[in-house]
Number of protein chains: 4
Amino acid sequence: MVTDKRTHIMERAIELFAEKGFEGASVRDLATQADVNIAMVNYYFGTKEGLFQQIVETRMATTRDKIEEIAANKTLSEIEKVDLIIELYVEGFLSQPGFHKMIQQEMLVTKREGMHEKLINTFIQNTNNFNSIIEKGIRKKVFTKVDAPLVFATIIGTVNQILKSKIVCNVFAGYNKNYDPYKDEQFKKRLITHIKQLIHSHLLNK
Amino acid sequence: MVTDKRTHIMERAIELFAEKGFEGASVRDLATQADVNIAMVNYYFGTKEGLFQQIVETRMATTRDKIEEIAANKTLSEIEKVDLIIELYVEGFLSQPGFHKMIQQEMLVTKREGMHEKLINTFIQNTNNFNSIIEKGIRKKVFTKVDAPLVFATIIGTVNQILKSKIVCNVFAGYNKNYDPYKDEQFKKRLITHIKQLIHSHLLNK
Amino acid sequence: MVTDKRTHIMERAIELFAEKGFEGASVRDLATQADVNIAMVNYYFGTKEGLFQQIVETRMATTRDKIEEIAANKTLSEIEKVDLIIELYVEGFLSQPGFHKMIQQEMLVTKREGMHEKLINTFIQNTNNFNSIIEKGIRKKVFTKVDAPLVFATIIGTVNQILKSKIVCNVFAGYNKNYDPYKDEQFKKRLITHIKQLIHSHLLNK
Amino acid sequence: MVTDKRTHIMERAIELFAEKGFEGASVRDLATQADVNIAMVNYYFGTKEGLFQQIVETRMATTRDKIEEIAANKTLSEIEKVDLIIELYVEGFLSQPGFHKMIQQEMLVTKREGMHEKLINTFIQNTNNFNSIIEKGIRKKVFTKVDAPLVFATIIGTVNQILKSKIVCNVFAGYNKNYDPYKDEQFKKRLITHIKQLIHSHLLNK
DNA sequence: AATGAATGAGGATTCATTCAT
DNA sequence: TATGAATGAATCCTCATTCAT
């Protein structure tokens, strides 16, 4: 029951942080949205920042571990690994758009140092894992000599760009204003296809 | 003299908004940073939001107009236009990192509707201009059949991803923690090269 | 206990609003006078205007209901009803001078539309109830043909005029400057007598 | 030209003070309404309070002098004097409703001592002049023994009550909501008739 | 004589947090 | 464990006023 309430608060908080930003979302808002007492946030998470950190720590670990797993896998070729990572990011981001918008906002801001650093470190780990895959491919001569970290920036950046605004996204996709493209399987496939083709022609270019 | 003070406030505000976000940057902060009286912000811009909008309107117009100019130019080939746009974004974003971080933050947030909408509209214009270039190239058969709006998302998204964090960027680039990669000509060239190669091999893929 | 604090704030606020006017009384003042934290006013009443409205709604209802009761009473003659209303106003106003000064001020000002309207509506109800008594008396030929609403204006206006200033009132009454005439039983009787004689000779004039 | 501008500011200020109260009307408002520079109010009148005092001093003298003149007149009977004073007040108040609303507000407020005292003194003078007329009438046995200062309070109070709200006034008078009763000659006559009849039957009651 | 720019004090309100229960 | 009341600090903004020109 306790865990339920904690989790419930965290889930509602993600949506609110995504929508209004960390500063823009007040603890009162959070409590109202989660239908709990105002004091609950401080009671469970100490501070508003504590709530944010809890969310980040709980969720970011998943993606990081999956990437590590892919990188370490010995039965997959390099291009297969890259493809898996692309799928991982597109699927992960589109299925949790609120969380990833929240993360993006926090990465843009240097105010809250503690939180910022934690994000950065996780991100650097992911980058390094990705780089090592690419560089191995280059050494094996299955990949062209590319700028590995910038390739990673392209993948993440493209998905993040899509996440920025449903409205812009719908303009791309030709849907109407109030449609939710993130829940559309067709759109997900389209995005994966785009990134894969882009990265393939870049990596496998002769 | 009047213009000077206004401009001065706007310039300092860009840095602060970039650093702390719109809500995170207080009017007190803004005034202190710009070394003016607290009441000056309201005196010149009415409200804090008014200041933000003034900044956005003044600066976003430039990029939008340049893209429109490139799109309308009749002496350039399609691939030349794409290249110019890539250069425009990399140079524009790296030379005004604060402003573009600020814009990114605001695009992620749906709280302040008026501001959000203005940003979105300008962004849609840019997307449409880019799309028309790509589609013309496709009709002329100089470009492969690609997903034009997603190509645009890739370009913008990659540069934005770089802007997210100097620290991450330095990890990519192999520089030390406190270096400013945005002011480094080498890094700029490297970024332009990456994006051009990526997009070229995608668009011109046989 | 909660009710106590709320009520306490309202009571002190009445005095302060009466003394300085709605705009003239700052929330800081109110909090200091009531010996509570500045945030308490907003905590209990939402806004300063909310506090005012709460006061008005709580107190005005009493007088309005009493007048309605008098008007509806079937055992009283018309002149008895008029006399009761005169006593009601004199006693009500002299026993809560602060509140009625506050109401007078607000009726003079058209700035805060919502509050103004509420006051006006209650006042119109009272006027109508009074009118119906007078008109019945006229139909029954116990009253001269008089201008009923203006008679009501005279009654209220006379008491309000007395309330305007203790000092002026003391000049009338022959008391010294710092005396409180509103608490003086003699003065109350004198005022009731004056109004009754005035209205009687007007209504019962042959 | 200077006098014109001063007068112009004062006229607009009366309307604004009447509408919003002294505190409710900002110097910015005043300047905008009068279509002059913000600094002009302070330039001409020193302070906002100075402007108010100038208005009061300029206008209140007129009524006071007229009453003094009536009181001193040796060719008029007492009842004629009373009638003239009634007419004077009704006409004066209805022709300058803004100014008299402003005065009423200020009399209700004890905040600004200097201004308050000046008003009170003038008012006491008027009361004394009126009293002396009534008392002479009583001595001459043309008037019943009445409570002279309260009779004066009734006259002033009735007219002030009418001034409180156009809306209420229109409810009395049977006009529609947006009509201006103060400019209606019929209504003025009706008000004068009411007060005269009221006071006559009171003073001349046998 | 007249003004636009500038200011510091103070306005109402909201904030995240704490505490007694 | 859970909460409603309470708080002091901070929020944005407006105020009347001043001053250099």
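Residue numbers begin at 1 in each chain, while the letters A, B, ... track the order of the sequences.
- At the phosphate of F:dG4, OP1 or OP2 sits under 4.0 Å from a side-chain N or O atom of A:Asn37.
- With hydrogens and angles disregarded, a donor-acceptor distance shorter than 3.5 Å links the side chain of B:His8 to the backbone of B:Ala34.
- Rounded to a whole Å, the CE atom of D:Met40 is 17 Å from the C1' atom of E:dA5.
- A 4.5 Å side-chain heavy-atom check between C:Lys164 and C:Gln104 finds at least one atom pair inside the cut-off.
- If you take CG of C:Asp35 and C1' of F:dT7, they are 14 Å apart, rounded to a whole angstrom.
- In this structure, D:Leu51 CG and D:Leu16 CG are separated by 10.0 Å, a value rounded to the nearest 0.5 Å.
- Contact annotation: the side chain of C:Asn121 never approaches that of C:Lys118 to less than 4.5 Å [non-hydrogen atoms, C-beta and beyond].
- Checking C:Glu49, C:Glu23, C:Glu106 one by one against C:Lys111, the salt bridge (Lys or Arg N to Asp or Glu O under 4.0 Å) holds for a single residue, C:Glu23.
- Between the CG atom of B:Leu30 and the C1' atom of F:dC13 there is a distance of 14 Å, given to the nearest Å.
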Encoded 5' to 3' (Watson-Crick or G-U under 3.5 Å; [ ] crossing; | other strand), DNA chain E becomes .||||||||||||||||||||
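- Using bins of under 30°, 30° to 60° and over 60° for the plane-to-plane angle, the ring pair B:Phe22/B:Phe52 lands in the perpendicular bin.
- Taking atom CZ of A:Arg6 as the reference point, atom C1' of F:dT1 lies 14 Å away to the nearest angstrom.
- Other residues, nucleotides and ligands contribute at most 12 non-hydrogen atoms within 6.0 Å of the CG atom of D:Asp35.
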In B/S/- notation (B base, S sugar-phosphate only, - none; protein heavy atoms under 4.0 Å), nucleotides 11-21 of chain E written 5' to 3' is SSBBBBBB---
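- With a 6.0 Å cutoff to the six-membered ring centre and a 45° limit on the axis angle, A:Lys5 does not count as a cation-pi contact of A:Tyr44.
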